[in-house]
Amino acid sequence: MKRYNPKELEPKWQKSWEDSKIYQATEDKTKPKRYVLEYFPYPSGAAMHVGHVRNYTIGDAIARYNRMRGHNVLYPMGWDAFGLPAENYAIKTGVSPKEAVAKNVTHFKKQLMQMGFSYDWSREINSTDPEYYKWTQWFFLLLHKRGLAYQKESLQWWCPHDKTVLANEQVENGKCWRCGHEVEKKALEQWFFKITDYADRLAKDLDDVNWSESIKTMQRNWIGKSNGMVFTSPVKNTDLLIQTFSAHFEAFRADTFVVIAPDHPFLPELVKGTKTEKEVLDFADKMTKKRDSEGYVDEEDVEGIFTGRYTEDPVGNGELPIWIASYALSHYGTGIVKCSVHDERDFRFAKKYNIKLKPVLFPSDKKEAEKVKNLEICYTDMQNGVLTEPKEFNGKIAGQVREEIVKYLEDEQLATAQTSYKIRDWLISRQRYWGAPIPIIHCTKDGAVPVPEDQLPVELPDLKSFEPSGDGRSPLANVPEFVDTTCPKCGGKAERETDTMDGFACSSWYFLRFADPNNDKKAFDKDKAEFWLPVDDYIGGAEHAVMHLLYARFWTKVMFDEGLISFEEPFTTLRNHGMILAPDGQKMSKSKGNTIEPDGLISQGYGADSIRLMELFIGPWNQSVNWSIEGVGGVFRFLQRVWTLVQEYLETGKNGVKESIELTKLTHQTIYKVSKDLENLGFNTAIASLMEATNELYKVKAKDDFAAKNWKDTLKTLLQLLAPFAPHITEELWEQMGEKDSIHTSKWPVHDEKYLKTDKSTIVVQINGKVRANLEMTAGSGEDEVLTKAKADSNVKTYIENKKIAKTIYIKDKLINLVVK
RNA sequence: GGGCGAGUGGCGGAACUGGUAUACGCGACGGACUUAAAAUCCGUUGGCUGAAUAAGCCUUGAGGGUUCGAGUCCCUCCUUGCCCACCA
């Protein structure tokens, strides 16, 4: 008997699939389309581990299942290959990012290939290919044309020793990661995309997509829409006016002080001429640095300093002191906030610095209200709280008069309503080499001029040294042939922009490129894009929950507005898989040295099919689990049992005449279970059903030794049901059973309801909810019949003797419960 | 601090709209085959009491509640994971 040897048969079938191109997708309109996509990976130097593999195994199972169900499946793969690691590696080793990426892609691709994923490799794309980033640049120009790209000065981390801009992750405890020198902030002119113009639509359209509530909530929080009011008031002893923001404006009569963000651009002007000017500015500077480097500052540690200025409150609360507070954000509202006792942080801040407080909002509970009055607790319930001021609203419930208060403040011209968003415009400038160059030419006469479309792509020149320029610009600034150019408008001498784009720009449209990957006239053909998109199943980890998904949605909406496509949301269904952790429960990472690569398992002889099965069987697809080496042996054993069963069947060469109804029923029940599980992505239970079916088949075999006529069909169906998970072994056995065409293009089996019915049922007898007996009954038995038999049961008898049956609950074919008193 | 999840045997986990908790797999134990081991195959396997594959009691993070019946629904609490974060 031939032994199951994945090492031999897996490469054989991988080659066969490649040659026959069975996974290539075409715009065949006779079948329903299905676009299955995983986020295109970053081909890092660290190899792919079993955590990554899970992502692709889930996608592949979905793709294969739908293909067999007669769908026209697009399942592509590509590379998101721009980014910092390749550039750092280049600085360290001198190996150009281009070479490093090419090497990594080759390795990654080999690893994916040996797992037998059904990608349409003819559509492979790479974001660092000029043919690709040409169109990324084209989209930059589109955004620019539509007024959505602009330049603004912005602060960046700067290492004065290395003379280079640092990314957030390169700052460690306020020090440069390379030289350990203290970092500072440097103002640079940078490019932004105006995503804030789309904030409302990005928030609203979340209602229409089939994503998990958790991701939707994350995006909504990130966009952070809130309605507030802006008050304008004079600053005492100056001729300045300030605009203060309040989101808790219902209780505006409680406002007793104002806080300004330490990094607010208005601050120097505000404190100019005060006695404490220098002291205050120093303090603000320190605070900004601390906040930037540490991120979160504990609520207990709120800090602040009095600016020395007061403002005359426009709504009659008198003179309000202006403080700098560590928790105030310059980009939220106006960056200057009106504060009161009715906010947790304001409350804590005021207590710490003994700032006057005055409650005007109270809970209905008298005792609690007393505590609020005595400033013992902070009360913030703007929904249910009862207002005492202003007089017009005395006794009203805040949540019910919100609109009226807005109207009141606006009618009296005391404030104006303002919607504020937490989301900020997307900073896309990177002072880096390894990214798509921003297609802009700076002319002293004409300013920032877009590169004409016919001159795209602005190609990255090959460099010898990847060290930064030293003046804050990217290494591209060192290359005169790149920088020096002529202005497209006036023809005069001009310089190219040396910033490159954030990698998220490349990934904001790649899903469209897959629809038409080789188009050299356009980013994509409209018809092709609309044939395949939107993406039906987008599979990925939660790490992209906000940034990537938001940016991609933003670009899609811009394209919609431009008329390039007629849909506004790129991803219909989002599927977030759980993480695979190392056996010790920690995240797998190269630095921790606890990664497990599929290569090792394959060379141990398990094969890709076992690994794939293990990835899915280990637990629910959307939950995190610890990888278990022992478990792989279990699924390998299962595959071996399937292999052996088919070999034994083939060797007996039997072809019986009598159908085994037992086999038929088992087959249809398994079809039903596996199909249902796959619809709900219950991969682990689908595989469990297949294991159960196989165990049953062994039992039937022990009885009839393959005598039944329908053994062949039964085995073939089993292979088909297993095919989306274990594509190699099933393809091999399918062929051994005499099939000419691939199992992966065969038609997914359909169950027949009539075989799901059983003629017998086990009925549980409960006395007061406790199980006391089991009854074997013919299916569909009536209550009386069951009750009579239950009463006759010897064990049941002992419980109902001398007692009254007060009530009987009967669930057909399942259970009878006797309530006994 | 905000948001979203999760707590079930020695372990990963299963359980449809409330209806036999522990499917499937791992591990462990016993047996068959073998000179032996590995591999394979066949059993057993939540805990306690019992000689028992008789019967009973207990058991889904803790405590209450609703119900004939709760892993599942409601309330209070505890633990833990992930994402984001000084967002008023």
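Side-chain contact, A:Thr573 with A:Tyr538: no donor N or O sits under 3.5 Å from an acceptor N or O. Side-chain polar atoms of A:Trp426 and A:Asp502 form a donor-acceptor pair below 3.5 angstrom. Looking only at atom types and distance, the side chain of A:Ser233 has a donor-acceptor partner in the side chain of A:Thr311 under 3.5 Å away.
Across the protein-nucleic acid pair, A:Lys216 atom NZ and B:G5 atom P stand 13 Å apart, rounded to whole Å. Rounded to a whole Å, the CG atom of A:Asp263 is 11 Å from the P atom of B:C86. Rounded to whole angstrom, the span from the CG atom of A:Asn695 across to the C1' atom of B:C41 amounts to 12 Å. Between the CZ atom of A:Phe638 and the P atom of B:G13 there is a distance of 20 Å, given to the nearest Å. Straight-line distance from the CD1 atom of A:Ile816 to the P atom of B:G19: 18 Å, rounded to whole Å. One atom, CD1 of A:Ile767, and another, P of B:G56, lie 11 Å apart when rounded to the nearest Å. One interatomic measurement links the two molecules: CG of A:Leu690 to P of B:A14, which rounds to 16 Å at whole-angstrom precision. One atom, CH2 of A:Trp621, and another, P of B:A14, lie 14 Å apart when rounded to the nearest Å.
Neither OP1 nor OP2 of B:C83 sits under 4.0 Å from any side-chain N or O of A:Arg220. Remark: A:Arg772 is in phosphate contact with B:C57, judged by side-chain N or O atoms under 4.0 Å from OP1 or OP2. For A:Asn684 and B:A14, the shortest distance from a side-chain N or O to OP1 or OP2 is below 4.0 Å. For the OP1/OP2 pair of B:U40 and a distance below 4.0 Å, the side-chain nitrogens and oxygens of A:Tyr698 include no atom meeting the criterion. Within the 4.0 Å cut-off from OP1 or OP2 of B:G19, not a single side-chain nitrogen or oxygen of A:Lys814 is found. Look at A:Gln766 and you won't find any side-chain N or O under 4.0 angstrom from OP1 or OP2 of B:U20.
Within the nucleic acid shown, A:Val337 comes within 4.0 Å of at least one base atom, counting heavy atoms only. Using a 4.0 Å heavy-atom distance criterion, A:Arg424 is classed as making no nucleic acid contact. Here A:Phe347 lies out of heavy-atom contact (under 4.0 Å) with every strand. Within the nucleic acid shown, A:Asn622 has no heavy atom closer than 4.0 Å to any nucleic acid atom. In this structure, A:Ile618 reaches the sugar-phosphate backbone alone: every heavy-atom distance under 4.0 Å involves primed, P, OP1 or OP2 atoms, never a base. If you check every strand for non-hydrogen atoms under 4.0 Å, A:Lys770 touches sugar and phosphate atoms only. Residue contacts for A:Thr685: at a heavy-atom cut-off of 4.0 Å it reaches the sugar-phosphate backbone alone, with no base atom in range. When heavy atoms are screened at a 4.0 angstrom cut-off, A:Arg637 is found touching the sugar-phosphate backbone but no base atom. Here A:Ser246 lies out of heavy-atom contact (under 4.0 Å) with every strand.
Closest-nucleotide positions on RNA chain B for A:Gly633 and A:Pro620 were compared, and the one nearer the 5' end corresponds to A:Pro620. Judged by closest nucleotide on RNA chain B, A:Ile215 is the one of A:Ile215 and A:Gly631 placed further toward the 5' end.
Within the shown strands, B:U79 is the pairing partner of B:A6 under the Watson-Crick or G-U definition, both distances less than 3.5 Å.
A cation-pi arrangement is absent between A:Lys338 and A:Phe245, since the terminal nitrogen or guanidinium carbon is not both under 6.0 Å from the aromatic centre and inside a 45° cone about the axis. Seen from the ring of A:Trp222, A:Arg553 does not count as a face-on cation partner, given the 6.0 Å and 45° thresholds.
Regarding the sugar-base torsion, B:G81 falls in the anti class, its angle being beyond 90° of 0. Using a 90° window around 0 for the glycosidic torsion, B:G50 falls inside it and is classed as syn.
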Task: salt bridge (Lys or Arg N to Asp or Glu O under 4.0 Å) between A:Lys216 and A:Asp207, worked out - done: CA-CA 8 Å; A:Lys216 286 193 194 183; A:Asp207 297 340; 5.7 Å; no
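A donor-acceptor pair under 3.5 Å links the side-chain atoms of A:Tyr698 to the main chain of A:Arg641, judged by distance alone.
For the C1' atoms, the distance from B:A51 to B:U67 is 40 Å, rounded to whole Å. With both ends at atom C1', the span from B:U60 to B:A54 equals 28 Å, rounded to whole Å. Going from the C1' atom of B:G12 to that of B:A23 covers 14 Å, rounded to whole Å.
Between B:A23, B:A88, B:U20, one nucleotide has an atom nearer to the side chain of A:Asp343 than all others, and that is B:A88. Side-chain atoms of A:Val764 lie closest to B:U20 of the nucleotides B:A55, B:U20, B:C68. Residue A:Val625 has its side chain nearest to B:G13 when only B:C41, B:G13, B:C86 are considered. Here the nucleotide nearest the side chain of A:Phe617, chosen from B:U20, B:U40, B:G12, is B:G12. Checking B:A23, B:C84, B:G19 against every side-chain atom of A:Asn817, the shortest atom distance belongs to B:G19.
When each of A:Arg637, A:Met614, A:Glu615 is paired with A:Val632, the side-chain contact (heavy atoms from CB on, under 4.5 Å) condition holds for A:Met614 and for no other.
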